[in-house]
2 protein chains.
Amino acid sequence: MQGQNISDIIEEYLKRILADTHQIEIKRSEIAQLFNCVPSQINYVINTRFTIQNGYIVRSKRGGGGYIRIAKVNLVSDADVLDELIAVIGDDINSAQAFQIIQSLFEDGVLTRKEANLVLAAMDQRTLAFEDKRIENTVRARILISILNRLKYDD
Amino acid sequence: MQGQNISDIIEEYLKRILADTHQIEIKRSEIAQLFNCVPSQINYVINTRFTIQNGYIVRSKRGGGGYIRIAKVNLVSDADVLDELIAVIGDDINSAQAFQIIQSLFEDGVLTRKEANLVLAAMDQRTLAFEDKRIENTVRARILISILNRLKYDD
DNA sequence: ATAATAATAGTCAACATTAGTCAAAAAGTT
DNA sequence: AACTTTTTGACTAATGTTGACTATTATTAT
């Protein structure tokens, strides 16, 4: 019952395919035409919904026969991906990005739903609301990295 | 029977729908138009009448296709106990006290071992690492309260 | 080989479309 | 009168859409 905008619809379309195949290769202009939007909207969808935080790796090629390839990756089982993720987090991370990472961990089965919800509660915007936004994002990054480390070494 | 002000009427309208469906998704401007009030009045109604204390959680999205989603949640049986804990915590709590609370919740079976460890990782001294101890304890209190609030309902 | 041309995808900023915040004004209560 | 709650609207923030311009790669012509 959600998703009245084109971006959500394109996202859903791509993820439905990815549920089966783990990887897809598209032509930007074809997808744009299919959904009756400008080609750059495909970039917007990819940049907001198919990031490494979401558990996706995207590669593309321009020129004749160009393509955009989207692959679903498993976050914690793949050490390289995890390192990349930690690098992306760096010293600060906002609420939306943290949410995406936790959701990815849930989808990969690393966290149960309840575990994910508790972690999200700890990092929520309202929870960490500081005078200074930068401090909020810094603390969130520290919490998230602490959680990821905890998950690495397991109980 | 409530008073006749607009806020009460909007509240009643939304809660009547929620009695059937468990969750609704509205467009702020549409509801405002329906009741002939300014959009921000919808925020007022939500903030005063659809809080977690009342058993509701609210999520929203801005931009094209934006929405406000209100869900009725089932409060768990020990929700009032959690409320008491929240009252005791107040504005700040140190690391040791927080540990004791989490341990109690583990012993009572409210949290699994893994859940408890994740929560502790989020609130750990090294994780929060503030220069000012008072600020650290304030942040820890906010995190712990947020988690306790989350524990008041399932999924 | 090299240069020109065609065929792709990427970037960025302006504009559009929502919801959120905050504080003053108005209305209601005690 | 003093205090609380509700109403209002100007301003802010977040998200989505569009198109002109740029960058890269492949193909074709010289």
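The sequence lines fix the lettering, A, B, ..., with proteins before strands; numbering per chain opens at 1.
Between A:D8 atom CG and C:dT18 atom C1' the separation is 13 Å, expressed in whole Å. As rounded to whole Å, 17 Å separates atom P of D:dG19 from atom OH of A:Y44. For A:F35 and D:dT17, the CZ to C1' distance is 16 Å, given to the nearest whole Å. If you measure from atom CG of A:N43 to atom P of D:dT17, you get 14 Å, rounded to the nearest angstrom. Rounded to whole angstrom, the span from the CG atom of A:N94 across to the C1' atom of D:dT15 amounts to 13 Å. If you measure from atom CD of A:Q97 to atom P of D:dT15, you get 11 Å, rounded to the nearest angstrom. With rounding to whole Å, B:Y67 atom OH is found 13 Å from D:dG16 atom C1'. B:N5 has its CG atom 21 Å from the P atom of C:dA25, to the nearest Å.
A donor and an acceptor atom, one from each side chain of B:N149 and B:S146, are nowhere located under 3.5 Å apart. In summary, the side chains of B:N54 and B:T51 do present a donor paired with an acceptor at a separation below 3.5 Å, with no hydrogens or angles considered.
Here the nucleotide nearest the side chain of B:K27, chosen from C:dT18, C:dT8, C:dT11, is C:dT18. Checked against C:dA9, D:dG9, D:dT17, the side chain of B:V38 finds its nearest nucleotide in D:dG9. With D:dT6, D:dA26, D:dT17 as the choices, the nucleotide that has an atom nearest any side-chain atom of A:K61 turns out to be D:dA26. Proximity note for B:S40 (side chain, C-beta onward) versus D:dT8, D:dT17, C:dT8: the nearest is D:dT8. Across C:dA19, D:dT7, C:dC22, the shortest atom-to-atom separation from the side chain of B:Q41 is found for D:dT7. Comparing C:dA19, D:dG16, D:dT25 by their closest approach to the side chain of B:R62 singles out C:dA19.
Across all strands shown, A:G66 has heavy atoms under 4.0 Å from sugar-phosphate atoms exclusively, and none from any base. Backbone-only contact: B:I6 has heavy atoms under 4.0 Å from sugar-phosphate atoms and none from a base. Looking at heavy-atom distances under 4.0 Å, B:S29 makes contact with sugar-phosphate atoms alone, never a base. Nucleic acid contact for A:I68: sugar-phosphate only, since backbone atoms but no base atoms lie under 4.0 Å from a heavy atom of the residue. Using a 4.0 Å heavy-atom criterion, one finds that A:R69 contacts no nucleic acid atom at all. Residue-level contact check: B:R49 touches the backbone only, with heavy atoms under 4.0 Å from sugar-phosphate atoms and none from bases.
Under a 4.0 Å N-O distance rule, the pair A:D91/A:R140 does not qualify as a salt bridge. For the pair B:K133 and B:E136, the salt-bridge criterion is met [side-chain N within less than 4.0 Å of a carboxylate O]. Ion pairing between a basic and an acidic side chain is recognised when a charged N comes within 4.0 Å of a carboxylate O; B:D78 and B:K152 show no such pairing.
Of the side-chain N and O atoms in B:S60, none sit less than 4.0 angstrom from OP1 or OP2 of C:dT18.
Comparing A:G65 and A:S7, the nucleotide of DNA chain D nearest to each residue sits closer to the 5' end for A:S7. Remark on DNA chain C: of its neighbouring residues B:G64 and B:V58, the 5'-side contact belongs to B:G64, judged by nearest-heavy-atom nucleotide.
The base of C:dG20 is paired with the side chain of B:R28 by a donor and an acceptor separated by under 3.5 Å.
Residues A:T138 and A:I93 are not in side-chain contact: their nearest non-hydrogen atoms beyond the backbone lie 4.5 Å or more apart.
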